[in-house]
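Everything on this sheet refers to the single structure shown next.
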Amino acid sequence: MLTRLSTYFYQRPKLVLWLFLAPPMLYMVVVYLGSLFALLINSFYYIDDFTGLIVREFTLQTYAQIFTPANREIFTRTATMAFFVTIASAIISFPLAYYIAKYASRRLKTWLLIGVTIPLWSSYLVRVYSWKLILAQEGILSYFINLFGLSGLLEWLLSFESFGGSSLALSPLGMFIVFVYIWLPYMIIPIQTALERVPNSLVEASSDLGARPLQTFRTVILPMSFPGVIAGSIFTFSLTLGDFIIPLAIGNSKFFIGQAVYSYQGTAGNIPLAAAMTMGPVAIMIIYLLVARKLGAFDAL
Amino acid sequence: MHSKKAPLPLTIAAIGTLLFLHVPMLIIFLYTFTPDETTYTFPLPGFTTKWFGVALGRADLWRSLILSLQVATVATIAALILGTLAAAAVYRSNFFGRESISFLLVLPIALPGIVSGIALRTAMGGMDIPFSFWTIVIGHATFCVVVVYNNVLARFRRTSASMIEASMDLGANSFQTFRYVVLPNIATALLAGGMLAFALSFDEVIVTTFTAGQQTTLPIWIFSQLTRPRDRPVTNVVATFVILITFIPIFLAQRISAGASDTEGENK
């Protein structure tokens with residue numbers, strides 16, 4: 001019986017393929033894409049100001065609300081943060097990625113990669129929480145800043161209106177540090193992968209021909225590993241754009257996109273506006289992905 | 001190039017970055033021993049181990065822990081089945097649209113969690129599905145499938161097709177071939193993918209805040225402490241526990257994957 005069934009399937013590879021494919025595709029298309037589609041539809045509804053109920057009629061007025069000055073400010077604030085987080089992550093990632101790709105022995109490389117991937121997979125929330133302890137006014141970072149007599153420098157940094165605040169834990173500067181900390185592994189891995197593909201002979205040739213290390217870096221290594229930087233920045237940019245946990249836990253009361261969406265959806269019950277606002281990050285991500293594909297960043301993923 | 005020594009500044013920068021990635025988690029561990037209940041004073045004003053006992057005695061924490069374990073287990077099982085099927089289909093044949101399948105599976109971890117979360121909530125709310133244990137599992141399964149898929153597909157690609165053909169030639173039917181040849185071959189990939197999926201689900205908070213009703217998973221409990229801290233020392237104990245329970249499977253999964261690619265390298 002089993003053999004007969006086995007033969008039956010063996011003769012019909014197409015049928016087997018569809019049997020394999022159907023459950024995962026049904027799940028992902030119906031549950032996931034279906035939900036995204038429902039979200040899209042909702043963004044074209046609007047909420048009745050008097051009853052507070054969702055009116056299921058096609059309108060663009062919800063999208064118009066995104067462009068109110070308050071919401072525009074939220075978008076600018078979030079995108080600026082995402083931009084600086086991405087730049088900083090790329091700069092900080094390079095030395096470690098380069099060390100792993102070019103200098104570490106095979107054994108050490110395995111361990112270093114584990115050291116980078118563990119924070120990538122683990123305990124996002126707990127990692128955010130750890131900074132609540134570190135950045136606290138009476139906490140460990142302040143202790144060391146005072147120990148080294150740097151409190152003047154910190155106060156000077158916090159006095160800037162654009163990114164300062166009453167303390168690190170309540171300032172955009174503190175948020176910036178936490179964002180970089182949380183998303184850094186997403187940048188290190190693609191840069192390291194891209195650097196692995198830069199042939200050592202090219203680096204050696206460059207220095208043989210008289211280039212100083214910085215020149216070699218600028219003219220050989222950086223251009224060749226740039227797809228990796230783009231690939232990493234997809235993550236750092238997108239994840240910063242949509243995050244609401246970090247702005248809620250650390251930072252001042254000024255809203256970020258994620259927080260705005262969270263509160264429109266939750267307390268305000270304004271699902272259409274929340275939906276329309278998420279379409280912002282989604283659109284930015286799609287454009288970003290298309291550009292990245294053109295630049296060949298996907299090869300580095 | 002291996003023989004060349006790394007320049008000192010590069011080594012220092014690399015070590016510094018690694019410390020930046022790992023020291024913050026150790027600091028939570030340090031704070032589990034603080035007697036200070038209301039602030040995060042450093043240096044610690046004393047030393048106590050009583051918070052471990054306090055945490056153990058909290059019934060609400062036990063309920064959250066059990067819920068989180070149940071959600072992660074069911075989501076992992078779903079991801080194992082769906083991910084393996086998708087990997088097998090993509091490996092078996094070169095059909096139209098296999099790139100789109102990878103894209104579709106990656107989407108839930110590529111898009112910000114808030115997008116997936118609010119999308120699922122809108123869809124479930126629109127269909128009047130009550131938020132429950134199962135809505136949490138449905139949400140988690142969407143982003144767990146891809147890790148199983150990636151691990152199993154990578155393993156399939158390293159498995160030579162001739163082994164499967166040999167098994168069939170020697171008279172085994174497809175079920176026997178699956179049981180005795182394919183399954184042992186992908187077993188460690190399933191283990192690695194499954195453990196990663198478990199860890200992902202166990203500490204997920206963003207999608208969960210949207211798909212849970214009254215249920216409080218362990219991450220949701222921590223999240224509530226993040227904005228309104230009431231039990232600081234207990235939170236430190238719980239956070240340390242979450243680090244450990246996710247660290248172990250992730251570490252083992254990475255070892256398995258690294259080991260698999262090592263042996264592959266030696267065969268070349």
Side-chain angles (χ1 to χ4, degrees), chain A residues 2-3 6 9-10 17 20-21 23-24 27-28 31-32 34-36 38-39 42 92 95-96 98-99 102-103 105 110 114-115 117-119 121-127 129-134 136 138-140 143 184 200 238-239 241-242 244 248-249 258 261 265 271 274-275 278 281-282, chain B residues 1-2 6 10-11 13-14 17-18 20-21 24-25 27-28 31 39-43 82 85-86 88-89 92-93 95 104-105 107-108 111-115 118-120 122-123 126 138 142 145 173-175 196 199-200 203 205-206 219 222-223 226-227 239 242-243 246-247 250-251 254 258:
Chain A
L2 270 181
T3 317
S6 164
F9 282 137
Y10 188 78
L17 178 68
F20 280 180
L21 213 48
Y27 189 79
M28 293 308 289
V31 175
Y32 196 73
S35 297
L36 285 180
L39 189 66
N42 264 279
I92 297 173
L96 181 57
Y98 196 76
Y99 187 90
K102 296 295 176 201
Y103 290 106
S105 66
T110 310
I114 288 178
T117 40
I118 280 177
W121 289 113
S122 76
S123 316
Y124 157 80
L125 183 65
V126 173
R127 295 175 69 229
Y129 174 70
S130 69
W131 284 88
K132 196 112 175 138
L133 311 186
I134 297 168
E138 68 282 4
I140 186 163
Y143 173 79
L184 199 57
N200 293 333
S238 144
L239 294 169
L241 223 49
F244 69 94
L248 264 179
V261 169
Q265 181 276 140
I271 290 179
T278 53
V282 171
Chain B
M1 197 87 177
H2 282 325
L10 182 72
T11 313
T17 312
L18 269 181
F20 177 56
L21 283 177
M25 288 194 265
I27 288 173
I28 304 181
Y31 270 94
T39 66
Y40 299 122
T41 308
F42 186 87
L82 297 174
L85 284 173
R92 270 177 65 99
S93 37
F95 59 91
L104 175 59
L105 292 177
L107 216 50
L111 285 179
I114 194 165
V115 176
I118 194 168
L120 286 163
T122 308
I138 287 170
T142 57
V145 173
N173 64 36
S174 1
F175 301 102
L196 273 182
L200 268 189
D203 63 27
V205 66
I206 298 183
I222 300 176
F223 180 49
L226 214 58
T227 43
V242 171
I243 292 175
T246 52
F247 174 86
I250 293 166
F251 178 76
Q254 296 296 332

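Below, chain A is the first sequence line, B the second, and so on; all start at residue 1.
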| query | Out of A:Tyr143, A:Phe9, A:Trp131, which one racks up the most heavy-atom pairs below 4.5 Å with chain B? | reply | A:Tyr143
| task | Please look at A:Phe244 and chain B and tell me whether the side chain, the backbone, both or neither of the residue comes under 4.5 angstrom of a heavy atom of that chain. | result | side chain
| query | If you look at every heavy atom in B:Pro108 and A:Tyr32, which pair is closest and at what distance? | reply | CA-OH, 3.3 Å
| Which bit of A:Leu133 comes within less than 4.5 Å of chain B, counting heavy atoms only: side chain, backbone, both or neither? | both
| remark: What one should report as the nearest heavy-atom pair of A:Tyr27 and B:Ile138 is OH-O, 2.7 Å
| query | Is it the side chain or the backbone of A:Ile140 that comes within 4.5 Å of chain B heavy atoms, both, or neither? | reply | both
| Looking at A:Ala275, A:Ser238, A:Ala249, which has the largest count of heavy-atom pairs under 4.5 Å with chain B? | A:Ser238
| query | Side chain, backbone, both or neither: which part of B:Tyr31 has an atom under 4.5 Å from a heavy atom of chain A? | reply | side chain
| query | Do A:Tyr99 and B:Thr17 come close enough that some side-chain heavy atom pair is under 4.5 Å? | reply | no
| request: Measure across A:Trp121 and B:Asp203 and return the closest heavy-atom pair with its distance rounded to 0.1 Å. | output: O-OD2, 4.4 Å
| query | When heavy-atom pairs shorter than 4.5 Å are enumerated against chain B, which of A:Ala274, A:Gly34, A:Gly242 gives the highest number? | reply | A:Gly242
| request: Return the minimal non-hydrogen interatomic distance between B:Ala239 and A:Tyr129, and the atom names on each side. | output: CB-CD2, 4.0 Å
| query | Does any heavy atom of chain A fall under 4.5 Å from the side chain of B:Ala86, the backbone, both, or neither of them? | reply | both
| said: Using 0.5 Å steps for rounding, measure from the CG atom of B:Leu21 to the CZ atom of A:Arg127. | reply: 6.5 Å
| Residue part contacting chain A, namely of B:Val115, when any heavy atom lies under 4.5 Å | both
| note | In terms of heavy-atom pairs under 4.5 Å with chain B, the winner among A:Ile118, A:Thr278, A:Leu239, A:Ile271 is A:Ile118
| Looking only at heavy atoms, what is the nearest atom pair of A:Ile114 and B:Gln254, with distance? | CG1-CB, 3.8 Å
| Does any heavy atom of chain A fall under 4.5 Å from the side chain of B:Leu196, the backbone, both, or neither of them? | side chain
| remark: Applying a strict 4.5 Å limit to non-hydrogen atoms, the region of A:Leu248 in contact with chain B is both
| note | Closest non-hydrogen atoms of B:Pro219 and A:Leu125, given as atom of the first, atom of the second and distance, are O-CD2, 3.1 Å
